[in-house]
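Quick caveat: nothing in here was measured; it's all calculated off a predicted structure.
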Amino acid sequence: MRLKLPANISPHVGEKLLNPVLNSGDLSRARQLFDKIPEPNLHSWANLISAYTKQNLPNEAVKLYFLFRKQNIQLPDRILLLSAAKACAAYADLTKAKEIHEDAVRFGYLSDLTLGNALINMYGKCKCCDGAQSVFNELPVKDVISWTSLLSSYVNCGFLGEALQAFCKMGLNGLRPNAVTLSSILPACSVMKCLNLGRQIHGYAVKDGFGENAFVTSALVDMYASCSCLADAQLVFDNMLVRDIVSWNVIVSAYFLNGESERALSRFGKMRKQGVPINYDSWNTVIGGCVQNGENTLALELLVQMQDEGFKPNHITITSALPACSNLESLRKGKEIHAYIFRNKIFTDITTTTALVYMYAKCGELELSSQIFNIMPRKDAVAWNTIIIANAMHGRGEEALLLFRNMLISGVKPNSITFTGVLSGCSHSKLVDEGLQVFHSMRSHLIEPDADHYSSLVDILSRAGCLDEAYGYIQRMPMKPTAGAWGALLGGCRVYKNVDLARIAAKHLFEIEPDNPGNYVLLSNIFVEGKLWNEASMYRKIMEQKQISKPPGCSWIQVKNKVHTFIAGDKSNEQSEKISKFLMDISNKVRLAGYLPNTDFVLQDLDQEEKEEVLCSHSEKLAVAFGLLNLKGESSIRVFKNLRICGDCHNFIKFAAKVVGIQIIVRDSLRFHHFKEGLCSCRDFW
Ligand code: ZN
Ligand code: ZN
């Protein structure tokens, strides 16, 4: 329909024309019409803003409000401000929120209860508790909604103690909570594991007649499950009058939360049997629950099943399923999901995109991971942390540092995890001065270094051979030094042959982790290298007595859709003969290129179990050979290993990459190695 309007249409007539179009839900037509009204009245502005918010376009709604303000023809009234505050709550933009709040102050609506409540809620959604608190304080009269909005803001910002306090204060002020208050405060009890308060709230809910409210009861089930009271959770659930899909989801999640995947899945089956219409949230709960409980393969199977039953995975499904690909290091499956997102133009929020960034990095594709990160329109702390950690685990310490600086420039506040990432980047790349500088800058960002940060620092110093300095930091740690810190020092002692310090580090390690075979092996190797045979054999004997042994070296590679696993000396692979031949052949070639099989190096840098492996049959060599044999026009292969890569294999693969002219990526238990043209990204230091 073409819209022909006379130029002198009055605002009132404009509103009358606009309303039916808005009611029909056709926003684009409504906007067309609105733009043709010469001077829309306040009602028309407010109605259109609300319509945008309702149709999940809060950014357009907020834009429209600021267009109104820019035109500066009329002053906003409380209804218009109310619509703007609601829009901004949905949009969650703090800068805009502050401007809307200022407008409310400027035009004298600060004591308006309804508007005030909306402003508190808006600040809460923007995760700005100070803003919410200041609006709350200014309100001369506060009702239950004001209190509920305030405590929800606290919950939303993670200030759970404050939320619980506000809840108690509300009671002291003689106000009785409503169902929204209860279902808002219960999640705080869940996270804080305040079982007592949770039970009190339960009693209160029953007494005041909210015991049958679906939101309240679902929150109760969740609270009991979080406090590990599965029986209570089940009881509340069983007593529910109406069990909707939400409550079913909560009980299924409850079992997942307590690590009971099987019972969770049986509930899921029961729910389907009872004919509860399964929606996306069930599927998403079950897939996410499986991933949380380490059932990664099952999660991906359910993803397929879901599609078979006609459900198209949405962005939440994708965000739940991507970590399964990361955990399984299944690049193929991850790429499939990425392609699915692309094909179906699925709305990807910051969490989904960050999951993609992590998946590619974990599967060895740092380039793709960086590309996706770079095109992210908005990057929060989690996204920055992910790309920093990705670079750190691929041994790109300089890049991790650069990204960290860019993060600071972009104005995103670093958190404790950011520093863990940057420091581990420094340790993998031997950046001692930089690492120390980053560590000492933490307090200027108001972050107290924790045990992990100290361990990373000790690692940085130990790898660089500054063993005394590293030991000094351990002694000055304000908390009990962890196995990570002592382990890093012990590792340094081996490389730099410091037997005395090794004894000290090992003594502490044996106290903290008496059954970790790695520590005994490491210490006994240090003694072997120092020709202290008696002590070496003593620790071997202790290991035998304690019957602790190291898991065998194991490498795997995905070719097409199948994962092929190799253990040392493995001849079970169907291509085993071809692999041996290929290895012989390539051994000759790499020898010509300068490779020398170095058993000395193996002795120095290997654990005893691996020493016993015959060099040529190491699992990582077998997997690499298999990958090279089954190349289908690809320019790189990815191999994963459960233990550290051995020094000889490292050298061998460097030369092999040069001879065959393709990139070989190996992820061992510590980090990624990118072998290309005779060099490794770790610069032979890992
Ligand atoms: Zn090896
Ligand atoms: Zn390397």
Considering all heavy atoms, the nearest V216-A179 contact: CG2-O, 3.6 Å
Could you check if a side-chain atom of R267 sits within less than 4.5 angstrom of a side-chain atom of Q234, using non-hydrogen atoms only? yes
Give me the atom names and distance for the closest heavy-atom approach of L164 to C189. CD2-SG, 4.1 Å
I would like to know whether T418 and W384 meet side-chain contact (heavy atoms from CB on, under 4.5 Å); could you show each step before the answer? CA-CA 8 Å; T418 318; W384 281 104; 5.9 Å; no
Please examine the side chains of S253 and D222, heavy atoms only from C-beta on, and report whether any two atoms are closer than 4.5 Å. no
Partner set under salt bridge (charged side-chain N to carboxylate O under 4.0 Å, His left out) for R378, not counting sequence neighbours: none
Check: M442 main-chain N/O paired with H445 side-chain donor or acceptor under 3.5 Å: no
If we only count heavy atoms from C-beta on, is the I100 to F66 side-chain gap below 4.5 Å? yes
Where A46 and I79 come nearest, the two heavy atoms and their spacing: CB-CG2, 4.1 Å
What do the steps show when you test N59 against D93 for side-chain hydrogen bond (donor to acceptor under 3.5 Å, both in side chains), and what is the final call? CA-CA 9 Å; N59 54 333; D93 181 316; over 6 Å; no
Could you give me the CA-CA distance, side-chain angles and deciding distance for N156 and S153, then say whether side-chain hydrogen bond (donor to acceptor under 3.5 Å, both in side chains) is met? CA-CA 5 Å; N156 202 22; S153 306; over 6 Å; no
Is any side-chain heavy atom of L356 less than 4.5 Å from a side-chain heavy atom of I341? yes
So which heavy atom on F210 is nearest to which on P177, and how close? CE1-O, 3.6 Å
When you look at I387 and S369, which way does the side-chain contact (heavy atoms from CB on, under 4.5 Å) test go after all the steps? CA-CA 8 Å; I387 194 72; S369 168; 3.9 Å; yes
Does the side-chain hydrogen bond (donor to acceptor under 3.5 Å, both in side chains) test come out yes or no for E99 and Y65, once each step is laid out? CA-CA 11 Å; E99 287 181 42; Y65 175 75; over 6 Å; no
Please say whether the positively charged group of K379, taken as NZ for Lys or CZ for Arg, lies over the ring of F373, i.e. under 6.0 angstrom from the six-membered ring centre and within 45 degrees of the axis. yes
Where the side chain of Q55 meets the backbone of G25, is there a donor-acceptor pair that is under 3.5 Å apart? yes
Please work out which of the three classes, parallel, tilted or perpendicular, describes the rings of Y123 and H101, given edges at 30° and 60°. perpendicular
Closest contact, heavy atoms only, A390 versus A361: CB-CB, 3.4 Å
Please tabulate, for side-chain N and O atoms in residues 331-339, each donor-acceptor pair with protein atoms closer than 3.5 Å (sequence neighbours left out).
from	atom 1	to	atom 2	distance (Å)
R332	NE	N561	OD1	3.4
K333	NZ	E336	OE1	3.2
H338	ND1	Y360	OH	2.8

Do I417 and I389 touch side chain to side chain, with heavy atoms closer than 4.5 Å? yes
Trace of the side-chain hydrogen bond (donor to acceptor under 3.5 Å, both in side chains) decision for T317 with N284: CA-CA 5 Å; T317 328; N284 295 344; 2.7 Å; yes
Indicate the atoms forming the closest heavy-atom contact of A225 with A254, along with that distance. CB-CB, 3.2 Å
Please report whether the ring centroid of W147 lies less than 6.0 Å from that of F167. no
For residues 199-206, please give each side-chain donor-acceptor pair under 3.5 Å, one per line with the distance, not counting sequence neighbours.
from	atom 1	to	atom 2	distance (Å)
H202	ND1	Y224	OH	2.8
Y204	OH	R176	NE	3.4
Y204	OH	D208	OD2	3.0

Side-chain donor or acceptor of K142 paired with backbone N/O of L139 under 3.5 Å: yes
T319 and T354, any side-chain heavy atoms less than 4.5 Å apart: no
Under the criterion side-chain contact (heavy atoms from CB on, under 4.5 Å), which of N385, I447, I388 is the partner of F419? I447
If we only count heavy atoms from C-beta on, is the L151 to T181 side-chain gap below 4.5 Å? yes
Under 3.5 Å, side chain of K125 to main-chain N/O of A89, donor-acceptor pair present? no
Check: F404 and P414 side chains under 4.5 Å, non-hydrogen atoms: yes
Taking the six-membered ring for Trp and the full ring for Phe, Tyr or His, determine whether the centres of F439 and Y454 are under 6.0 Å apart. yes
